[in-house]
Colleague: 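Input: one structure, supplied below.
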Amino acid sequence: MIKFIAKRLGSGLVVLFVVSALTFTLLYTSSGSIARNILGDQATPEQVALKEQELGLDQPLVTRYFAWLADALSGNLGASWFTSEPVASSLATRIPVTMTMVFTAMILIAICAALIGVAAAVKRGWVDRVVQVGAIVGDSIPGYVIGVFLVTLLAIQLGFFPATSTISPEVGPEAWVYSMTLPVIALLINGVTGGAQQIRSAVIKQLERDYVRTLRSRGIGEREILFKHVLRSAAPAGLTVLSLQLIGMLGGVVIIEQIFALPGMGPLAVTATGQSDLPVVMGVVMYTVVVVIVVNLLVDILNGWLNPKVRVS
Amino acid sequence: MSDSVETAAVTAVPAPATTGQSGTVVRSTVMRRLLRNPMGIASLVILGSIALLAVFAPVLAPFEENFANITKTLAPADPVNILGTDSAGRDTWSRLLFGAQLTLLSALLCAGVAIAIGLPAGLIAGYYAGKFEAVSNWVVSILMSLPGLIVLLTIRAAFGPSVWISMIAFGVLISPSYFRLTRTAVQSVRNELYVDAARVSGLSDWSIIARHIFSVVRAPIIIQTAAIAGVAIAIQSGLEFLGLGDPTKATWGVMLSEGFKNVYLTPTLLFWPALAMALTIGGLVLLGNAIRDALEDGEKIKHRKKRAAPEGAGASTTAASATARQPRKSAAAVDAGTEHHLVKVTNLGVGYPQADGSVKKVVDDVSFHVDRGEILGIVGESGSGKSQTAFSILGLLPDNARIVGGAIQFDGNYTVAPGDERVNQARLSKLRGKRISYIPQEPMSNLDPAFTIGYQLVTPMVRVLGISKEEARRRALKLLTDVGIANPERTFSAYPHEVSGGMAQRVLIAGAISCEPDLVIADEPTTALDVTVQADVLDLLRELQQRLNIGVVLVTHNFGVVADLCDRVVVMQNGRLVEEGSVRDILRNPKEQYTRTLLASMLEGKTPMSMLVSSQKEPVA
């Protein structure tokens, strides 16, 4: 098991390295004259050259990448070209807001999707039909459109919730939960509808397996078969569904934060993208990829624990 | 955002046999089924109208997409601006039409790029495997761990605002879904006999791919494209909603963001682009679902046919409501004089309700009995209803199966009383495992891969016999020795994937006799095993049956097994009972033509010429 984890961890680090190198190359080779963008059209060629030297843009790409990598490994992701704020520290205040939302939504999705999906697979009938229709509706309406309508309807028209959710520590837990409710709902609806449907298929697939019939023939009760055998075998598929949803949600949350004016990673990423503030963009990419790698590692470990075959090979 | 796409695609790969070589025939039936499905028609109408509106946007739109009438901002609908104007005085209807054009084109571009990368890569990886597959799998795992929108933000930061560049990038990012789909399909087809035949007959790899493999992946790719186009529209509009799109273009995302900015003044501005998006994406989702349903329908019907009578001669189709039911016997007392039979099946009928309201009978008017210490063989080819009969005794028919007639009694009590539509689970669940047990056909798939063999032997004994775990463990080790396993301790702690098929079948036999049942239902217990192991397992069954004096129902297609083991035999064909008698009589003096045909198709003890004796049936599998 330890060897298995070490292997997965190693491949995660390789992925991180490859993605950082690719992103760095992509960002720094294609975005025109960076210094001129920062200084504006009025700047003289001398000023531009000076700025380029200041940013280290006169060095070859490979040198710059390894300089960035060395800094990044010591926790320094550089500074924003426009605000001069260190990327690491501005992300440090914003990442917690984003991640609280993403993980709250993910936990709720996991619970709701599993309950609904299993109920649909076992009971069939109307629950099943609701899940099927729900999945089609959920797939048809992007999360941010749901968000926009939640704000318009519940916050602006009816005034049940605050329309924008600027969070400061002083407001207290109650107000905080209150302000997070709508964004989390907007994030989780697609996840629940899609997740429930896929967990349903995974459970049905297991219920139709031969060994379930054999367990029944051995006199094992339905409940024990469902909870001990079927759910355990369906869990890897469910976990994969959830981890893919989480990856999608790390992108979706950017738009949701923009809609609800939340001080998370999203607005920072959007502003930096619009201005081509490359160190910030690079930092955002790195943070999200790290989250994805950690989550994938956890899913792999859980799967290895659930399925002895994975553990052995 | 690519989450739902992935799994949808993998499950959408049809079994190769259903599509097979006759690609065009399949496509036309799928198309017809699609048009019969209201969901399919709705999606085609929605997508068709949106496509038409987009194509004719320059003609239909009263204004240029960026024409702004500064004197008429945020105007309500009127005859000139039929959906009103936005904050810059631009016509909402016109912008919606031009937006449709751009949105559909960008979705097509994205899907096109994804297909152009994913399809060939998947074909090569699936067909040739090797290093290319290993490398592509690694690339795929990286691409799949990148959040789509974050990548598009990076692309935007690097290349500036362009719908086309961002859609090409998203196409690259989402190409793994085509890759995996194609690879899986190709892998399953690669080793099919007809592909081997094509290879032997000298066709080049590429013409094999073109002819045989494209016909398999075509339908899943259409489903996948519908899903991907929807995701592409959602993500591209999201980017524009964030204000990172091309500001000179009218798009639904920009319109949504414009509406959101003016939500306090004119909330209707939000509604139109959101509706357009939901309709388009919804149409694509419905289309994908409808195509999948159309494909699965075909598969289901074929599957059912295979399980039922192959030529439909005996399996009559009756209307579900038309079958007059006998009033249910209240006391459920069995007929006098039959109590002593261990199992008695009387005029049993089993059927499956069909979509058109009829019931397809797979077992029709079958009667037989088994006594204690007796081995009854049920012989017939696949589709004869022999397994369905056995599962009715166990009460383990699939959920959609119905008892359409007759009764089953076990040890003097009905488990299916006359008039019952389903097996009496309350009664059978007390008998299963304890008094009736089951030996399955395929050893590997009948053990739960996640639990050790020991656990799977111990738990039923603890549950059924109420003994302690230690006691059950002792008995399990003894049972493993009894079924001829040399190192019971090691097998006990092994997982199913760590033992051989023959060993697993011995484990299943040990499980079946672990609670000392009176009746064992063995469903082709030796079919999946090597010939050398088969004889051992049959010897084992005979030895155990004699020692424990249990009744056995042995389902098989093999008269050799019957001759070796059984006391009496019933022959089934197309769901009906053809002949019944002692093994000696049936083997020496078969009365029915069908029994003779079955006997003639046996290899053992026959001269090669007799194999050529033709019959109206396919040879027994």
Side-chain angles (χ1 to χ4, degrees), chain A residues 15 18-19 23 26-27 30-31 136 139-142 144-145 148-149 151-152 156 194 198 201 209-211 213-221 229 232-233 240-241 244-245 247-248 250-252 254-255 258-259 269-270 272-274 276 278 281 284-285 288-289 292-293 296 306-309, chain B residues 1-4 6-7 11 141-142 144-150 153-154 156-159 230 234 237-238 241-244 256 260 263-264 267 270 274 277-278 281-282 285-286 289 394 396 429 432-434 437-438 440 442 445-451 459-460 463-464 495 497 508 511 515:
Chain A
V15 169
V18 170
V19 171
T23 315
L26 194 69
L27 284 174
S30 49
S31 37
I136 293 177
D139 278 352
S140 309
I141 307 174
Y144 57 87
V145 176
V148 163
F149 276 88
V151 175
T152 313
I156 294 172
Q198 291 180 38
S201 332
R209 293 271 298 269
D210 285 348
Y211 73 80
R213 186 169 58 203
T214 301
L215 285 168
R216 286 190 181 129
S217 81
R218 296 279 184 267
I220 305 287
H229 296 272
R232 186 180 176 133
S233 310
T240 308
V241 168
L244 285 172
Q245 286 197 337
I247 294 173
L250 288 172
V254 169
I255 313 183
Q258 195 78 353
I259 293 172
V270 172
T273 303
S276 290
L278 303 188
V281 175
V284 169
V285 172
T288 33
V289 173
V292 170
I293 287 172
N296 280 347
L306 286 165
N307 183 354
K309 223 170 176 173
Chain B
M1 298 222 157
S2 62
D3 47 0
S4 56
E6 219 28 70
T7 27
T11 50
S141 71
I142 292 187
M144 285 191 48
S145 61
L146 298 173
L149 196 82
I150 302 289
L153 290 182
T154 316
R156 165 67 171 78
F159 296 99
S237 303
F241 178 79
L242 287 173
L244 298 173
L256 192 72
F260 191 51
V263 67
Y264 289 96
L270 261 182
M277 280 166 66
I281 304 174
V285 172
L286 282 179
N289 278 19
L394 277 162
L396 293 178
S429 63
R432 264 199 308 264
K434 190 169 192 167
S437 73
Y438 165 64
E442 168 60 48
S445 66
N446 278 286
L447 290 164
D448 185 343
F451 291 86
T459 319
R463 297 282 182 279
V464 171
Y495 283 97
H497 68 269
L508 284 163
C515 299

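So that the names make sense, note that chain A is the first sequence line, chain B the second, and so on, each numbered from 1. We use all heavy atoms of the structure for the numbers below, so side chains are in, but hydrogens, waters and symmetry mates are not.
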Colleague: Side chains of A:I259 and B:F241: closer than 4.5 Å at any heavy-atom pair?
Modeller: yes
Colleague: Can you classify the ring geometry of A:H229 versus B:F451 as parallel (below 30°), tilted (30 to 60°) or perpendicular (above 60°)?
Modeller: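 Tilted.
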Colleague: Roughly how far, to the nearest 0.5 Å, is CG of A:L26 from OG1 of B:T154?
Modeller: 7.5 Å
Colleague: Quick one: of B:L394, B:L242, B:I142, B:V464, who has the most non-hydrogen atom pairs under 4.5 Å with chain A?
Modeller: B:L242
Colleague: A:S276 and B:A157: which non-hydrogen atoms are nearest, and at how many Å?
Modeller: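 Of all heavy-atom pairs spanning A:S276 and B:A157, the closest is OG-O, 2.9 Å.
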Colleague: Decide yes or no for A:L244 and B:M144: does some side-chain heavy atom of the first lie under 4.5 Å from some side-chain heavy atom of the second?
Modeller: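 Yes, side chains in contact.
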Colleague: CE of B:M277 to OG of A:S140: how many Å apart, nearest 0.5 Å?
Modeller: 11.0 Å
Colleague: If you take all heavy atoms of B:A234 and A:P142, which pair is closest and at what distance?
Modeller: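 The answer is CB-CG, 3.8 Å.
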Colleague: To check you understand the geometry: which heavy-atom pair defines the closest contact between B:R156 and A:T273, and what is its length?
Modeller: CG-CG2, 3.3 Å
Colleague: Between chain B and each of A:V285, A:D210, A:V15, count heavy-atom pairs under 4.5 Å; write down the option with the most.
Modeller: A:D210
Colleague: Select, from A:T23, A:L215, A:T152, the one with the greatest count of heavy-atom pairs under 4.5 Å involving chain B.
Modeller: A:T152
Colleague: Give me the atom names and distance for the closest heavy-atom approach of A:R216 to B:R432.
Modeller: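 For A:R216 and B:R432, the tightest heavy-atom pair comes out as O-NE, 3.2 Å.
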Colleague: Under 3.5 Å, is there a donor-acceptor pair between the side chain of A:R218 and the main chain of B:Y438?
Modeller: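 Side chain of A:R218 to backbone of B:Y438, a donor-acceptor pair under 3.5 Å: yes, one is there.
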Colleague: Counting heavy-atom pairs under 4.5 Å to chain B, which of A:N296, A:T288, A:I136, A:I293 comes out on top?
Modeller: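 Heavy-atom pairs under 4.5 Å are most numerous for A:I136.
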Colleague: Has B:R463 got a side-chain atom pairing as donor or acceptor with A:G221's backbone, closer than 3.5 angstrom?
Modeller: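 Absent.
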Colleague: Which one wins on heavy-atom pair count under 4.5 Å against chain B: A:V281, A:I220, A:T214?
Modeller: A:T214
Colleague: Where on B:S237 is there a heavy atom nearer than 4.5 Å to chain A: the side chain, the backbone, both, or neither?
Modeller: both
Colleague: Can you tell which of B:L270, B:I281, B:L256 makes a side chain to side chain contact (heavy atoms under 4.5 Å, CB included) with A:V145?
Modeller: B:L256
Colleague: I need the minimum non-hydrogen distance between B:G238 and A:I255, along with the two atoms involved.
Modeller: CA-CD1, 3.7 Å
Colleague: Using 0.5 Å steps for rounding, measure from the CD1 atom of A:I247 to the CD1 atom of B:I150.
Modeller: 12.0 Å
Colleague: When only pairs under 4.5 Å are counted, which of B:A278, B:A450, B:C515 shares the most heavy-atom pairs with chain A?
Modeller: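 Among the listed options, the one with the most contacts to chain A is B:A450.
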Colleague: Which value, rounded to the nearest 0.5 Å, describes the distance between A:R232 atom CZ and B:D448 atom CG?
Modeller: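 One finds 8.0 Å between CZ of A:R232 and CG of B:D448.
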Colleague: Just so I understand: if I count every heavy-atom pair under 4.5 Å between each of A:V19, A:I141, A:V292 and chain B, which residue has the most?
Modeller: A:V292
